[in-house]
Amino acid sequence: MFKITRSEELSQNEFDFWIDAPRIAKKAKPGQFVILRIDEKGERIPLTIADVDAEKGEVRLIFQVIGKTTAALSKLKKGDSLLDLTGPLGMPTEIENYGTVMIVGGGVGIAAIFPILKGLKQAGNRVITILGAKTAELVILQEECRQYSDELIITTDDGSLGMKGLVTEAMEQVIAREPVNCSWAIGPSIMMKFCTLTAEKHQLPIYVSLNPIMIDGTGMCGGCRVTIDGSIKFACVDGPEFKGSEVNWDEFISRMRQYQPEEQASLSDYQKAQVNQHG
Ligand code: NAD
Ligand code: FES
């Protein structure tokens with residue numbers, strides 16, 4: 001059992017948990033993820049490790065409620081436990097000194113990009129971070145990201161904080177202003193696709209983190225297959241990070257949409273059952 005030691009609601013639909021998991025906290029590197037199961041009947045869901053507290057032996061998981069399992073997870077509080085937490089899984093980010101790097105986080109993807117920017121800053125890079133969200137209250141981890149960034153640019157779709165517009169517009173402004181050696185983008189698939197197109201236009205290398213459906217997380221089930229540079233890869237063992245320019249975005253985006261109706265139906269059934277149970 002893995003105890004929740006701290007829990008906070010970051011916004012209406014986004015939650016921040018610290019979990020007691022000393023072995024995972026000791027080994028986890030930026031870019032890696034865990035697979036969790038709430039209870040015996042629960043499905044297994046992957047979540048990127050947003051941070052580790054090596055001293056306390058805790059890992060930080062930040063998630064958005066999108067289906068039944070994340071809705072059930074959001075009901076847990078400090079002191080509750082998860083049945084399983086497996087990890088760290090996946091290939092870590094290649095952290096080295098590239099020079100100037102650009103880090104782009106969109107919505108809840110900001111949680112997944114945070115350990116990468118922290119690692120790159122600690123490796124001596126000049127870090128320019130762009131955080132984008134629909135509105136001000138959804139720009140999470142601002143202070144943590146600022147702490148490990150030489151420059152922090154915020155964009156919101158509605159203009160309620162920072163620059164009004166998309167993260168790709170901020171990318172263009174930075175690229176026009178100064179040379180950048182490497183970049184990373186994590187957020188909705190459509191954002192990662194357009195960040196890739198923007199980076200490609202300027203011959204800027206870009207890495208993205210793919211989050212397809214995952215089941216076993218060990219390369220056995222094939223659920224997380226993606227096409228990279230024309231070959232089949234498994235995001236759980238070969239990724240989740242890949243070069244953006246090698247991802248078959250149309251296939252990835254269509255596979256991500258494939259299970260949305262089932263996900264929404266199971267969330268709606270869960271919410272109805274909760275109302276019936278608690279009135
Ligand atoms: P969102 O829809 O609010 O988008 C965040 C930002 O992405 C926007 O503010 C905008 O700047 C940018 N964006 C969106 N569409 C764009 C486009 N067409 N061109 C350029 N920029 C665009 O984000 P959300 O609602 O918080 O959703 C977060 C998503 O991130 C979820 O779909 C989740 O699955 C995904 N996610 C991915 C990972 C991962 O590891 N890949 C991790 C966590 C979350
Ligand atoms: Fe099964 Fe990746 S989750 S192969």
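Values below: all heavy atoms of this structure, side chains included; hydrogens, waters and symmetry mates excluded. In listed order, ligands and their atoms are each counted from 1.
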J.: For the atom pair OG1 (Thr5) and NZ (Lys56), what is the distance rounded to the nearest 0.5 Å?
T.: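 Answer for the OG1-NZ pair, Thr5 versus Lys56, is 7.5 Å.
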
J.: Consider side-chain contact (heavy atoms from CB on, under 4.5 Å). Of Thr100, Val174, Ile128, which one does Glu151 pass it with?
T.: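 Single pass found, and it is Ile128.
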
J.: Would you sort out whether Ile140 and Ile62 count as a side-chain contact (heavy atoms from CB on, under 4.5 Å), showing the intermediate values?
T.: CA-CA 10 Å; Ile140 59 171; Ile62 294 179; 4.0 Å; yes

J.: Enumerate the ring-ring contact (aromatic ring centres under 6.0 Å, His included) contacts for residues 3-26, please, sequence neighbours excluded, ordered by first and then second residue.
T.: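 Output for this query lists Phe15-Phe63, Phe17-Phe63.
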
J.: Is Arg225 paired with Glu251 through a side-chain N to carboxylate O contact shorter than 4.0 Å?
T.: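 Salt bridge absent between Glu251 and Arg225.
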
J.: What are the protein N/O/S atoms, named by residue and atom, that sit under 2.8 Å from atom 2 (Fe) of ligand 2?
T.: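 Listed by chain and number: Cys224 SG, Cys236 SG.
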
J.: Test: ring-ring contact (aromatic ring centres under 6.0 Å, His included). Region: residues 202-243. Which pairs qualify, not counting sequence neighbours?
T.: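 Qualifying pairs: Trp184-Tyr207.
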
J.: Are Lys233 and Asp238 ion-paired here, with the side-chain N under 4.0 Å from a carboxylate O?
T.: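 Salt bridge absent between Lys233 and Asp238.
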
J.: With side-chain contact (heavy atoms from CB on, under 4.5 Å) as the criterion, how do Val247 and Thr227 come out once you've worked through the C-alpha distance, each side chain's angles and the decisive distance to 0.1 Å?
T.: CA-CA 6 Å; Val247 175; Thr227 304; over 6 Å; no

J.: State whether the side chain of Glu178 and the backbone N or O of Ile175 hold a donor-acceptor pair below 3.5 Å, judged by distance alone.
T.: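 No, because the side chain of Glu178 does not come within donor-acceptor range (under 3.5 Å) of the backbone of Ile175.
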
J.: Give the protein residues with at least one non-hydrogen atom closer than 4.0 Å to an atom of ligand 1, ordered by chain and number.
T.: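 Heavy-atom contacts below 4.0 Å: Thr48, Gln64, Gly106, Gly107, Val108, Gly109, Ala112, Gly132, Ala133, Lys134, Asp157, Leu166, Val167, Thr168, Ile186, Gly187, Pro188, Ile190, Met191, Met192, Phe194, Ser209, Asn211.
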
